[in-house]
Amino acid sequence: MKKLLCVCVLAMACLVGCGNNEGGNKETTTTPKADTPSKTEGYVFEVSGTEVGIDMLAAPIIEKLGEPNKYFESESCAFAGLDKTYDYGSYKIETYQIEGVDYISSVYFVDDMVSTKEGLSLFMTKADMEAKYGTDYKEDTGSYSYDKGDMTLRIIIENDQIVTIEYYTHFIG
């Protein structure tokens, strides 16, 4: 049941980004932080000795992580180019593309086999979250957001149990 809930939340997050744009095409003049592609100012997910930071260049990260269990790509609804999803079983990495270069846009936890660099994983409690990240969060109906740099770490809690952990960029959201 919890896995289904996580999948539903992930699907809704993807659909929100591709909503109807009645004012014409969305244009942006903002560019991602490409001046330091191997570093990020925000929270970092670390897996198998590889740091995965939001808005970092995707190619070296994906190469280090190896072949995903599943891969999906589609035309971006926000930019020219492709949005890509790399499914590694316990977590998913999504990318966005600017001028043919892929950047990390989000990381979603699928199960409790992975944890944040600070040690938080799915099915832990709000008290665990606050012990690791503090109480300086934005709360909206069970969704707790910690902003850092140009990214957000969002944690969704139901019945005092963490059901979603997601890192995502401010650049496209």
Distance (rounded to the nearest 0.5 Å) between Glu94 CD and Ile54 CD1: 10.0 Å
Side-chain donor/acceptor of Tyr146 to backbone N/O of Ile155, under 3.5 Å: no
Asp87 and Tyr71, any side-chain heavy atoms less than 4.5 Å apart: no
Cluster link Phe123 to Leu120, ILVMFWY, side chain under 4.5 Å: yes
Point-to-point distance, once rounded to the nearest 0.5 Å, from OG1 of Thr116 to CD1 of Ile165: 6.0 Å
Partners meeting side-chain contact (heavy atoms from CB on, under 4.5 Å) with Lys138 (sequence neighbours left out): Ser145, Asp147
Exercise: identify the closest heavy-atom pair between Glu73 and Lys84: CB-CG, 4.0 Å
Atom pair CE/NZ of Met124 and Lys132 - distance to nearest 0.5 Å: 5.0 Å
hydrophobic_cluster_shared for Val110 and Phe72, side chain cutoff 4.5 Å: no
Closest contact, heavy atoms only, Asp111 versus Ser90: OD1-OG, 2.9 Å
Spatial distance of atom OG (Ser143) from atom CZ (Arg154) [nearest 0.5 Å]: 5.0 Å
Polar side-chain atom of Gln97 near backbone of Leu82 as donor-acceptor pair, under 3.5 Å: yes
Tyr43 side chain reached by Lys117 side chain, heavy atoms, under 4.5 Å: no
From Asp128 atom CG to Glu118 atom CD, the distance as rounded to the nearest 0.5 Å: 13.5 Å
Side-chain touch Tyr144/Tyr133, heavy atoms, less than 4.5 angstrom: no
Test side chain to side chain contact (heavy atoms under 4.5 Å, CB included) applied to Tyr96 and Thr169, step by step: CA-CA 10 Å; Tyr96 62 95; Thr169 183; 4.3 Å; yes
ILVMFWY cluster, Tyr88 and Met113 together (side-chain gap under 4.5 Å): no
Tyr91 ring center near Phe109 ring center (under 6.0 Å): no
CG/Asn69: more than 12 non-hydrogen atoms of other groups inside 6.0 Å: yes
Gly142 backbone acceptor or donor facing Glu139 side chain under 3.5 Å: yes
Any donor-acceptor pair under 3.5 Å from Asn159 side chain to Gln161 backbone: no
Between Asp83 and Ser74: side-chain donor-acceptor atoms closer than 3.5 Å: no
Atom pair CD1 (Ile93) and OH (Tyr108), whose distance is rounded to the nearest 0.5 Å: 12.0 Å
Shortest non-hydrogen contact from Val107 toward Ile104: CG2-CG2, 4.4 Å
